[in-house]
Amino acid sequence: QTHVLPGLRAAARSVRRHLDRGLALANVAPQPAAGALPLNPAQLILQGLCAAVLPVLRPPCAVAGTDKEGGAAAGGKRCEEASAAAAAAAAATVAEMSPLEAMRDKYVSIVTTASLPWMTGTAVNPLLRAAYLSQALDKTISLVIPWVSKADQSRLFPNGATFETPDEQEVFIRKWLSSRIDFEPNIKITFYAGKYSELFGSIMAVGDLTSYIPDEEADFAVLEEPEHLNWYHHGRRFSDKFNHTVGVVHTNYLDYVRRGEQGGEVRKEFLRHVNEWVVRAAGIDKIIKLSDAVQSFPRSETCFVHGVSPVFLEVGRKIAQLASDTASAPVGMIHPSSGFVPAAASSSSSSSSARAKESEPSFEFAKQCYFIGKAVWGKGYSELIDLMAEQGASVPVDVFGHGADFDAIKSESERRQLQLKFHGARDHSDQSIHDYKVFINPSTSDVVATTSAEALAMGKFVICAKHPSNEFFAQFPNCLIYTTPEEFKQCLNHALSSTPNPLREEDLRKLSWEDATQRLLRVASSPSDNVPPPRKLVDKAVEAAMYNSYNALIGFEPVRRAFGAEAFSKETLPNVLDVSKYDLPPEARRQDDSKHRKRREPRPIDSILSAFQSASLGDPVRAPSSPESPTTLMSESLESLSVPPPPMPRQNSYNAAPKPPVLLHSMHMMFARRAPFAPLGQSAGAYGSSNKGILNMSPVPRLPVLELPTSCAAEYRGDF
């Protein structure tokens with residue numbers, strides 16, 4: 001009475017107070033410190049429980065005295081004060097936690113839309129993000145990537161690379177990753193079934209993506225290209241599956257649609273509304289835009305959360321060191337580096353000595369201009385050809401890339417007589433590209449060009465257009481921005497006649513994946529907005545309605561096909577290798593679709609209902625005792641009519657489920673005015689009344705379609 005009961009009352013008040021705060025979605029609670037995770041209802045309730053239980057377990061809360069009532073009141077007051085103090089301390093502790101510390105006890109899953117060896121940003125960047133998150137959090141990170149059929153592999157992967165199994169592709173991915181980083185990542189790779197869409201030029205998921213992640217690991221999810229992942233998603237809502245979801249927008253699909261053949265602006269606006277619909281329907285907590293080149297979403301923030309592989313950063317450091325050594329080295333000394341030579345060493349010793357007295361030696365690259373990009377018109381090739389055509393044919397540019405429009409781009413370049421030399425697909429990891437000095441990237445369709453970040457990290461000049469996708473790069477001294485063709489010419493002349501500035505260590509840190517990972521955690525954990533609680537509740541109700549409506553709409557097969565989805569791609573495949581069936585025509589695919597449907601397990605109530613239906617309808621035929629019984633019963637009943645028994649259909653997932661006899665009888669009377677196996681001139685009604693055993697037995701397979709005798713064809717042609 002002096003300690004326990006007052007403590008329990010204080011505990012009840014504390015729990016109620018924190019529960020109310022939790023139900024208010026943490027808006028009444030003090031705002032956490034900058035960069036800390038917002039308190040969710042579960043954390044608030046846990047704080048209340050801790051603050052309530054601790055005073056009960058601590059004797060100092062008891063008050064010494066002989067007056068039980070007074071002592072109880074004083075003890076309760078002191079316990080309540082201790083509870084409040086403990087709750088405040090717990091709240092301050094959670095608020096002061098860094099985003100990194102707050103994420104250490106969470107399961108993290110990264111879901112993306114592409115996989116290596118397809119060298120695209122949505123395949124490379126999520127893989128590196130998973131690796132550096134595993135290093136920062138010191139835990140296993142799940143990476144969920146698509147598996148496509150061999151036909152799609154040969155279409156997407158360079159040099160005709162194909163894999164027989166996901167395990168083979170995983171070996172390739174891990175080997176590629178080990179060549180880009182200097183530590184051992186802790187990544188678990190999971191494949192989901194995907195199909196390449198010619199309409200979007202991207203891989204679309206087959207089935208429910210959320211089914212590939214166990215529920216016990218569904219905690220924190222990073223959805224790479226959230227609008228892409230939810231276009232045809234028919235299944236569990238991502239916000240219902242995960243406790244916290246973050247979407248990273250990679251691709252400017254609006255610009256791709258706008259560049260279409262006709263009606264580009266109309267399709268752009270339509271896609272804008274669809275993107276907002278599906279993202280809100282998914283209930284994503286935070287949207288991270290890599291740049292303002294993409295459309296705005298609710299709860300979105302702009303931040304560049306990608307980095308550059310340490311391999312390219314090391315190249316930049318090496319070039320900076322060589323440039324520093326060149327400035328202090330004796331004239332004529334050539335540094336032992338492939339492709340990089342000091343300017344003073346490129347001429348004869350006498351002329352170089354005289355020139356060195358007039359000016360300090362400078363650092364030079366062995367090659368000049370180049371461009372890297374997937375060979376499709378939307379990746380900057382149109383702008384590149386137009387800009388180089390205005391410069392004349394005096395500046396050669398080496399082009400590296402492969403894609404669907406490769407032949408058309410090459411033909412257009414030859415028609416305009418430009419000095420564009422096409423070398424096929426390569427990336428910055430190729431040793432031959434390290435020698436170039438000027439990277440030209442006129443593309444305005446990218447959200448953020450990974451190739452531009454890699455070129456800057458390697459100490460090169462980067463010439464790019466004034467565009468939101470290049471705002472992050474504008475802070476670096478070697479990035480040259482232009483707005484008109486005249487300014488492009490000035491930038492090109494300046495780059496060709498000068499030497500890039502050596503990168504500072506601060507610049508290299510901004511481009512690193514370590515810094516990008518910290519930016520991701522900071523933005524993902526920051527409060528989305530300051531919307532009052534009533535408005536949040538309304539928004540959540542609206543988004544739930546948007547999900548239910550879109551999920552019902554996109555689950556309708558004709559609607560899916562009308563919007564460009566692959567035929568019969570709604571069901572989740574039991575094995576990702578079964579995705580090869582989507583290489584077949586839709587007709588053949590549907591015939592093969594039965595083996596991918598889930599079979600309904602027999603329930604105990606089925607046998608009871610079957611017996612009840614047979615007894616209530618006065619069925620004189622014995623109840624079937626085995627799966628073959630319906631066939632036997634049908635054959636025995638037909639023998640009484642002296643008609644050869646029809647061939648019974650194969651028991652598969654389409655016709656194995658039992659059907660109520662009354663419903664079967666109604667369907668039979670609706671679609672057949674005469675029984676297909678009744679004697680000529682006998683109606684279905686008379687046939688049914690005299691042969692109740694056929695119509696009333698349960699379970700019953702689908703009635704077979706029989707080939708009629710030639711003499712009956714004319715009479716029955718109008719009925720079937």
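Since the structure is predicted, the reported quantities are computational estimates derived from the model, not experimental observations.
Residue pairs that meet the ring pair (Phe, Tyr, Trp, His ring centres under 6.0 Å) test with at least one member in residues 277-299, sequence neighbours left out, are W277-Y550. Listed by first and then second residue, the ring pair (Phe, Tyr, Trp, His ring centres under 6.0 Å) pairs involving residues 201-231 are F200-W231, F220-H244, H228-W231, H228-Y253, W231-Y253 (not counting sequence neighbours).
Minimum interatomic distance between K570 and G555 (heavy atoms only, all atoms of both residues): NZ-O, 2.7 Å. Nearest approach of Q169 to L116, heavy atoms of both residues: NE2-O, 2.7 Å. Residues V249 and L290 approach most closely at O-CG, 3.4 Å, considering heavy atoms.
A distance-only check finds a donor-acceptor pair linking the side chain of T245 to the backbone of D285 [under 3.5 Å]. In this structure, T112 contributes its side chain and A123 its backbone to no donor-acceptor pair below 3.5 Å. A donor-acceptor pair is defined here as one N or O able to donate and one able to accept, closer than 3.5 Å; no such pair exists between the side chain of Q295 and the backbone of L254. The main-chain N or O of V206 is never found under 3.5 Å from a side-chain atom of E566 such that the two would form a donor-acceptor pair. In this structure a side-chain-to-backbone donor-acceptor pair under 3.5 Å is present from R299 to I284. The closest donor-acceptor contact from the side chain of W147 to the backbone of A193 lies at 3.5 Å or more, if one exists at all. Distance alone, capped at 3.5 Å, places no donor-acceptor pair between the N441 side chain and the S452 backbone.
The number of heavy-atom neighbours closer than 6.0 Å to CD of E301, taken from other residues, nucleotides and ligands shown, is above 12. Atom CG of D138 sits in a sparse spot, with 12 or fewer heavy atoms from other residues, nucleotides or ligands closer than 6.0 Å. Heavy-atom contacts from other residues, nucleotides or ligands closer than 6.0 Å to CZ of R535 number 12 or fewer.
Side-chain contact check for S443 and D446: at least one donor-acceptor pair (N or O, by modelled atom type) lies under 3.5 Å. In this model, no donor atom of one side chain and acceptor atom of the other lie less than 3.5 Å apart for S291 and E471.
Taking a cutoff of 4.0 Å between a charged side-chain nitrogen and a carboxylate oxygen, K581 and D578 do not qualify as a salt bridge. Under 4.0 Å is where a charged nitrogen must lie from a carboxylate oxygen, and between R258 and E269 no such pair does. Contact check on R509 versus D515 returns a salt bridge, with a Lys/Arg side-chain nitrogen under 4.0 Å from an Asp/Glu carboxylate oxygen. The pair R519-E514 does not meet the salt-bridge criterion, since no charged nitrogen lies less than 4.0 angstrom from a carboxylate oxygen. A salt bridge does not link E276 to R272: none of the charged nitrogens lies less than 4.0 Å from a carboxylate oxygen. Taking 4.0 Å as the cut-off between side-chain N and carboxylate O, D208 and R236 do not count as a salt-bridged pair.
At a threshold of 4.5 Å between non-hydrogen side-chain atoms, the residues E454 and S309 do not count as touching. Under the 4.5 Å side-chain criterion, counting only non-hydrogen atoms from C-beta, H250 is in contact with V248.
Residues forming a side-chain hydrogen bond (donor to acceptor under 3.5 Å, both in side chains) with N186 (at least two apart in sequence, or on another chain): T140.
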Using ring pair (Phe, Tyr, Trp, His ring centres under 6.0 Å), reason through F172 and F157 one step at a time and then give a plain yes or no. CA-CA 12 Å; F172 174 88; F157 298 163; 8.1 Å; no
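Side-chain rings of Y132 and F183 approach one another, their centers coming within less than 6.0 Å.
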